Visitor: 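My structure is below; once you've seen it, I'll send some questions.
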Amino acid sequence: MARLTAGIASSHIPALGVAIDLGKRGEPYWDAALKGYDWTRDWEAAARPDVVILVYNDHATAFDMKIIPTFAIGCGDRFAPADEGWGPRPVPVVEGHPGLAWHIAQCLILDEFDMTIINDMPVDHGLTVPLSLMFGQPVAWPCKVVPLAVNVVTYPPPTGNRCWLLGEAIARAVASFPDDLNVQIWGTGGMSHQLQGPRAGLINRAWDTRFLDDLTADPQRLRHIPHIEYLRETGSEGIEMVMWLIMRGALGAVRELHRHYHVPASNTAVGHIVLEVLP
Ligand code: DHB
Ligand code: FE
């Protein structure tokens, strides 16, 4: 059977992807932000997931005001890196896992989560930057990816509790897939950041640290944080952190293996955590 073995959360700051692509690791500013991922790259090389369910948000790349799915699952064979204005990132095409993805879609919909099924979509920095952070610069990504896109761009995004419940349903779906697969689930985005307006540049280290702590210490608190608290305490884009709760809701009991928190990097507090599922 397929097994969910670990969860990872990470910011998906586009400038970190550019820094990797342009070989800027030697510069102190980028090195300080990127070195917290070295541990994870080594760990991933040993963990060798077959599939990553990659929870991310599209930033008006595949979806715009014409269509805004709350939850969408990528069931296609492959997903091309998007052109976000400077040409597509020079990273491998993302290979999907249609068998697992369609199984998850069926389970979730019969479990009363109304997923949008997408076969063809470009994937933007929300998905490709975490792949680069966790896997470096391989000629092909070392695993298949099931993209799971969440609307956190246009009000109303889903609640943290809804995200948590979706994570629990994803775990049930994975556990009922007959193939022997090592599956990870990643949640991307965050941590505190606001990209525009009078509060642009807002960072809340104390709030972010408590959120990281409570992924293991008190995850039940996190699922009930209201939107207004994310907005007030973590800036307009901090709402991306509800996607971490899909990851966390899928995992059950966990042990924290690794954590990285760093400011400054672009406009965002870099947050990253690796959680191992306990047997
Ligand atoms: C930045 C962060 C994001 O999450 C994003 O989607 C775009 C930009 C930033 O910090 O620059
Ligand atoms: Fe973002």
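Read the numbers this way: they start at 1 and go in the same order the structure lists the ligands and their atoms. Here the structure is a predicted model, which means the values were calculated and not measured. What you see below is based on every heavy atom in this structure, not just the backbone, and it leaves out hydrogens, waters and symmetry mates.
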Visitor: What protein heavy atom sits nearest atom 2 (C) of ligand 1, and how far off is it?
Guide: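 Among all protein heavy atoms, the one nearest atom 2 (C) of ligand 1 is Thr268 OG1, 3.3 Å.
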Visitor: Is it the case that the side chains of His272 and Thr40 hold a donor-acceptor pair, with the cut-off being a distance below 3.5 Å and no angle test?
Guide: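 Thr40 vs His272: donor-acceptor pair found between side chains.
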Visitor: Kindly report the OE2-the Fe ion (ligand 2)-NE2 angle for Glu240 and His12 respectively, rounded to 10°.
Guide: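 The two atoms subtend 100° at the Fe ion (ligand 2).
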Visitor: For the Fe ion (ligand 2), does an N/O/S atom of His59 lie at less than 2.8 Å?
Guide: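 Checking His59: at least one N, O or S atom is under 2.8 Å.
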Visitor: Tell me the contacting part of Ser11 for ligand 1: side chain, backbone, both, or neither, using a 4.0 Å heavy-atom threshold, strictly below.
Guide: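 The answer is neither; Ser11 stays 4.0 Å or more away.
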Visitor: Rounded to the nearest 0.5 Å, how far does NE2 of His193 lie from CE of Met241?
Guide: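 One gets 8.5 Å once the value is rounded to the nearest 0.5 Å.
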Visitor: Please test Asn151 against Thr70 for side chain to side chain donor-acceptor pair (under 3.5 Å), starting from the C-alpha separation and ending with a verdict.
Guide: CA-CA 5 Å; Asn151 168 41; Thr70 300; 5.2 Å; no
Visitor: Is the backbone N or O of Met191 less than 3.5 Å from a side-chain atom of Glu240, with the two atoms forming a donor-acceptor pair by type?
Guide: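 No, the answer is negative, given that no donor and acceptor are paired below the 3.5 Å cut-off.
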Visitor: Counting from 1, what ligand 1 atoms have a heavy atom of Glu240 closer than 4.0 Å?
Guide: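 Near Glu240, meaning under 4.0 Å from one of its heavy atoms, ligand 1 has 4 (O), 6 (O).
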Visitor: I'd like to know if Gly189 contacts ligand 1, where contact means a heavy-atom distance under 4.0 Å to any ligand atom.
Guide: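 No.
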Visitor: Which of these, His193, Gln194, His125, has its nearest heavy atom closest to atom 4 (O) of ligand 1?
Guide: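 The option holding the nearest heavy atom is His193.
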Visitor: Any idea which part of Glu237 is under 4.0 Å from ligand 1, heavy-atom wise: side chain, backbone, both or neither?
Guide: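 Glu237 to ligand 1: no contact under 4.0 Å from either part.
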Visitor: Which option, Gly238, Pro14, Ser266, Gly190, owns the non-hydrogen atom nearest atom 7 (C) of ligand 1?
Guide: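 Selected option, by shortest heavy-atom distance: Pro14.
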Visitor: Are Phe135 and Trp43, when compared by the centres of their aromatic rings, separated by less than 6.0 Å?
Guide: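 Centroid separation for Phe135 and Trp43: 6.0 Å or greater.
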Visitor: Return yes if a side-chain donor-acceptor contact under 3.5 Å exists between His103 and His97, otherwise no.
Guide: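 Distance-only check fails for His103 and His97.
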Visitor: For Leu195, counting its heavy atoms only, list the atoms of ligand 1 lying under 4.0 Å from any of them.
Guide: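 Counting from 1, the qualifying ligand atoms are 1 (C), 7 (C), 8 (C), 9 (C), 10 (O).
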Visitor: How far apart are the C-alpha atoms of Trp164 and Gln220, what are their side-chain angles, what is the distance that settles it, and do they pass the side chain to side chain donor-acceptor pair (under 3.5 Å) test?
Guide: CA-CA 9 Å; Trp164 180 286; Gln220 295 301 323; 5.2 Å; no
Visitor: At a 4.0 Å cut-off, with the gap strictly under it, does some heavy atom of His12 reach an atom of ligand 1?
Guide: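 The answer is yes: ligand 1 sits under 4.0 Å from a heavy atom of His12.
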Visitor: Answer yes or no: is there an ion pair linking Asp120 with Arg78, defined by an N-O contact shorter than 4.0 Å?
Guide: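 No, Asp120 and Arg78 are not salt-bridged.
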